[in-house]
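Naming: A, B, ... by sequence-line order, numbering from 1 per chain.
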Protein chains: 2
Amino acid sequence: MHLPAVPVSQSPEDKFREYLASRSRPQRYTEQQRDMVRYIFSQHNHFDADQLTEDMRRAGFRVSRATVYRTLTKLVDAGLLRCLETGPRKYYEHDYGYPQHEHMQCQVCGKMIEFQNTSIEAILREVCRTHQFQATSHTFIIQGTCAECNQARVPKRRLDLI
Amino acid sequence: MHLPAVPVSQSPEDKFREYLASRSRPQRYTEQQRDMVRYIFSQHNHFDADQLTEDMRRAGFRVSRATVYRTLTKLVDAGLLRCLETGPRKYYEHDYGYPQHEHMQCQVCGKMIEFQNTSIEAILREVCRTHQFQATSHTFIIQGTCAECNQARVPKRRLDLI
DNA sequence: ATTCTTGCAAAGCCTTTGCAACTGC
DNA sequence: GCAGTTGCAAAGGCTTTGCAAGAAT
């Protein structure tokens, strides 16, 4: 479920190093951070901190929960990841090199479906103008049932009717 | 910050009693639940469980945290309240007798500003049709700074420059 | 009388943090 | 070697829950 990528000049890794170096107090680029950046950008998932920890461990990396949490915060701050706060936990997705989009979330299988809609930006501008509101971000998530989960249900209902 | 109310035939209290009675196992209408329904619908706030508990206590009611949590769940299920899950805690607002709307949330003062936009429903329908997605609800929240908090900042900046 | 609700405190879930050991620069 | 990072385990913030006592029908 990809949208077309946005061309960028730097690799995510280089962009992160640049971010770390440009701090008023320069931060360090460690092995675990490097592993995380590479792992995250080798996939295209929506994930939370614990999923990432487990997945990376299964893939043979040595990562600690605390460092995953700390590094995810930095990656958001660096503009590499975007954080979706919908419900009790935080989900992350690519931001660097990836276009603006919205989400549909299937409440059966949990899948996140991305979509783009050109009218939304106009709505944002208009609403903010009329309310003199200075927007910094927005969250648009449609909850429901995805096509596959919907199909999987219909046969079940039919059987129930017999 | 009200939107025009939607006319309804029953009082929130009656609607809740009806909901409780119509369960396959009828549930009971207790004093604390009655106090909560009346208190909540005598105001027009966005609130979370702990805010409500404190406010009601200050107003002289005897309510326990656990019961507030349990009753809020029932009120959502009964269609009286809507739950906004944005971030770590759950916010509640009137649903019964109140029109569909979206939110702007000020990250400085926390205020929730409600707005309506007629194009959003069309977008929802179109996106769901193209993805064969069965929507049950949606969340549209614009984060940023409200007009008042924005104004309060400008004078401060000017002073900083002296 | 029966069954649901209440209230307390404990547990759960996710995230953050204090601190000693460690490591990048 | 200095200053930032790591990892553990503990603490934090919010919500849910087990259970005995209490209340609604």
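- Between A:Thr71 and B:Arg28, the residue anchored nearer the 5' end of DNA chain D, judged by the nucleotide with its closest heavy atom, is A:Thr71.
- Checking D:dT6, C:dC25, C:dT5 against the side-chain heavy atoms of B:Thr30 singles out C:dT5 as nearest.
- OP1 or OP2 of C:dC4 sits under 4.0 Å from a side-chain N or O of B:Arg25.
- Between D:dG4 and A:Arg23, no contact under 4.0 Å exists linking OP1 or OP2 to a side-chain N or O.
- Distances were taken from every side-chain heavy atom of A:Ser64 (C-beta onward) to each of D:dC8, C:dC4, D:dG4; the shortest belongs to D:dC8.
- Atom CG in B:Asp50 sits about 14 Å away from atom C1' in D:dG12, given to the nearest Å.
- One interatomic measurement links the two molecules: CZ of B:Arg34 to P of D:dA23, which rounds to 14 Å at whole-angstrom precision.
- With rounding to whole Å, B:Tyr29 atom OH is found 16 Å from C:dT6 atom C1'.
- With A:Ser22 contributing its side chain and A:Tyr19 its backbone, the two residues share a donor-acceptor pair below 3.5 Å.
- Contact annotation: the side chain of A:Gln33 approaches that of A:Leu20 to within less than 4.5 Å [non-hydrogen atoms, C-beta and beyond].
- Of the listed nucleotides (C:dC4, D:dA9, D:dT16), D:dA9 has the atom at the smallest distance from the side chain of A:Ala66.
- Between B:Tyr39 and B:Ala59, the shortest heavy-atom contact is CE1-CB, 3.9 Å.
- A straight line from CG of B:Asp77 to P of D:dT16 spans 13 Å, rounded to a whole angstrom.
- Remark: C1' of C:dT5 and CZ of B:Phe16 are 12 Å apart, rounded to the nearest angstrom.
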Start with the C-alpha gap between B:Ile40 and B:His94, add the side-chain angles, then the distance that decides, and say whether side chain to side chain contact (heavy atoms under 4.5 Å, CB included) holds. CA-CA 8 Å; B:Ile40 289 169; B:His94 296 183; 3.9 Å; yes

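- For a distance-only test at 3.5 Å, the side chain of B:Arg70 qualifies as a donor-acceptor partner of the base of C:dG7.
- Between B:Leu20 atom CG and D:dA23 atom C1' the separation is 15 Å, expressed in whole Å.
- Backbone-only engagement by A:Arg62 is indicated by non-hydrogen atom pairs under 4.0 Å involving sugar-phosphate atoms exclusively.
- Ring geometry for A:Tyr98 versus A:His44: interplanar angle of 30 to 60°, hence tilted.
- Rounding to whole angstrom units, CG of residue A:Leu72 and P of C:dT17 are separated by 15 Å.
- Mapped onto DNA chain D by nearest heavy atom, A:Arg65 and B:Tyr69 fall at different nucleotides, with A:Arg65 at the one closer to the 5' end.
- OP1 or OP2 of C:dG7 sits under 4.0 Å from a side-chain N or O of B:Gln32.
- When the side-chain nitrogen and oxygen atoms of B:Gln33 are compared with OP1 and OP2 of D:dA24, none of them lie within a distance under 4.0 Å.
- Look at B:Lys90 and you won't find any side-chain N or O under 4.0 angstrom from OP1 or OP2 of D:dG13.
- Counting only N and O atoms by type, the side chains of B:Gln143 and A:Thr136 include no donor and acceptor under 3.5 Å apart.
- The distance from atom CD of A:Gln27 to atom C1' of C:dG24 is 13 Å, rounded to the nearest whole Å.
- Nearest nucleotide to the B:Lys74 side chain, out of C:dA9, C:dT5, D:dT6: C:dT5.
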